[in-house]
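Reviewing the structure listed below.
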Amino acid sequence: MHQAFLRRAVELACENIESGGGPFGALIVKDGEIIAASGNRVTPDLDPTAHAEVSAIRLACQKLGDFQLTECTLYTSCEPCPMCLGAIYWARLKAVYFACNRFDAGKAGFDDSFIYTEIDKPTDQRQIAMRQLILDTATRPFDVWQRKIDKIRY
């Protein structure tokens, strides 16, 4: 069953190329049924966050009416990048199966290894300038959040 879903994700990646997207496809399965599927939508949608995995997560959450996918599995044509990995953890998927790895993607020109390197660096040593500015109100949103009684935790 896992291989069949993974094959479908790879097929979706190939179909996505033909429709103007990138060579990535992902689907989300719950109880043996595909509930969401997407190809990489970065170039058609002009959205750098519209990776196949993130797009499939968005669709699945909308379909299920929930921001957590704890009973779902993600099948993707390639090992998730750092952004997608973050989305996977935030969505709390129970498992991820992938076909190609990040090194295969790098050989095809999709090298995200520099992002893994950047994440480990102190913020002031990253290639994109990141500077914390001290504000006396900086932690106010967290203070308000902690006092809120009826908050929805995520």
Side-chain angles (χ1 to χ4, degrees), residues 1-121 123 126-128 130 141-154:
M1 175 171 42
H2 294 304
Q3 285 191 344
F5 288 130
L6 195 54
R7 284 188 207 290
R8 180 63 195 124
V10 170
E11 290 170 6
L12 183 59
C14 293
E15 293 166 8
N16 198 59
I17 296 167
E18 297 304 317
S19 65
F24 302 95
L27 47 105
I28 295 182
V29 174
K30 181 177 182 186
D31 299 327
E33 176 188 345
I34 298 173
I35 61 166
S38 183
N40 177 290
R41 305 287 312 154
V42 170
T43 53
D45 293 355
L46 305 176
D47 180 354
T49 69
H51 288 198
E53 298 90 339
V54 172
S55 297
I57 287 169
R58 289 174 180 155
L59 291 168
C61 287
Q62 291 300 307
K63 181 168 185 174
L64 296 178
D66 199 343
F67 57 87
Q68 294 186 349
L69 302 172
T70 56
E71 298 301 316
C72 298
T73 300
L74 172 71
Y75 296 87
T76 180
S77 61
C78 189
E79 179 182 2
C81 75
M83 177 184 68
C84 293
L85 189 60
I88 289 162
Y89 277 98
W90 280 115
R92 293 171 174 74
L93 287 149
K94 70 177 181 178
V96 175
Y97 293 87
F98 59 92
C100 291
N101 63 36
R102 66 178 110 161
F103 306 106
D104 298 320
K107 290 175 190 171
F110 295 92
D111 188 4
D112 56 10
S113 63
F114 79 97
I115 298 173
Y116 288 97
T117 303
E118 287 288 295
I119 288 170
D120 283 339
K121 291 181 182 177
T123 55
R126 293 182 180 158
Q127 289 182 24
I128 296 176
M130 296 186 185
F142 295 127
D143 297 337
V144 172
W145 174 257
Q146 288 178 321
R147 288 193 304 269
K148 185 170 176 55
I149 295 170
D150 61 340
K151 62 188 160 217
I152 299 172
R153 293 188 181 274
Y154 62 97

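Predicted, not measured: the structure shown is a model, and the values here were computed from it.
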Which value, rounded to the nearest 0.5 Å, describes the distance between [X] atom [atom1] and [Y] atom [atom2]?
| X | Y | atom1 | atom2 | result |
| --- | --- | --- | --- | --- |
| L59 | I28 | CG | CD1 | 8.0 Å |
| M83 | L85 | CE | CG | 11.0 Å |
| L69 | I35 | CG | CD1 | 6.0 Å |

| task | Using the side-chain contact (heavy atoms from CB on, under 4.5 Å) rule, pick out the option among R92, K30, K94 that qualifies with C72. | result |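 Only one option passes, and that is K30.
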Expected output: side-chain [X] to main-chain [Y] donor-acceptor under 3.5 Å:
| X | Y | result |
| --- | --- | --- |
| T43 | G20 | yes |
| N16 | N40 | yes |
| D104 | N101 | yes |

Looking at every non-hydrogen atom in both residues, tell me the closest pair between [X] and [Y] and how far apart they are.
| X | Y | answer |
| --- | --- | --- |
| S55 | R41 | OG-CG, 4.1 Å |
| L27 | I34 | CD1-CG1, 4.0 Å |
| P80 | E53 | CA-OE2, 3.8 Å |
| I128 | E118 | N-OE1, 4.3 Å |

Heavy atoms, side chains only, cut-off 4.5 Å: are [X] and [Y] in contact?
| X | Y | value |
| --- | --- | --- |
| S77 | F24 | yes |
| F5 | T73 | no |
| D143 | R147 | yes |

| message | Going by salt bridge (Lys or Arg N to Asp or Glu O under 4.0 Å), name the pairs with one or both residues in residues 70-83, residues two or more places apart or in two chains. | response |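 Passing the test, one end in residues 70-83: E79-R102.
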Assess whether atom [atom1] of [X] is packed by more than 12 heavy atoms of other residues, nucleotides or ligands within 6.0 Å.
| X | atom1 | value |
| --- | --- | --- |
| R7 | CZ | no |
| Q62 | CD | no |
| K151 | NZ | yes |
| W145 | CH2 | yes |

| query | Under 30°, 30 to 60°, or over 60°: which ring-plane class applies to Y97 and H2, parallel, tilted or perpendicular? | reply | parallel
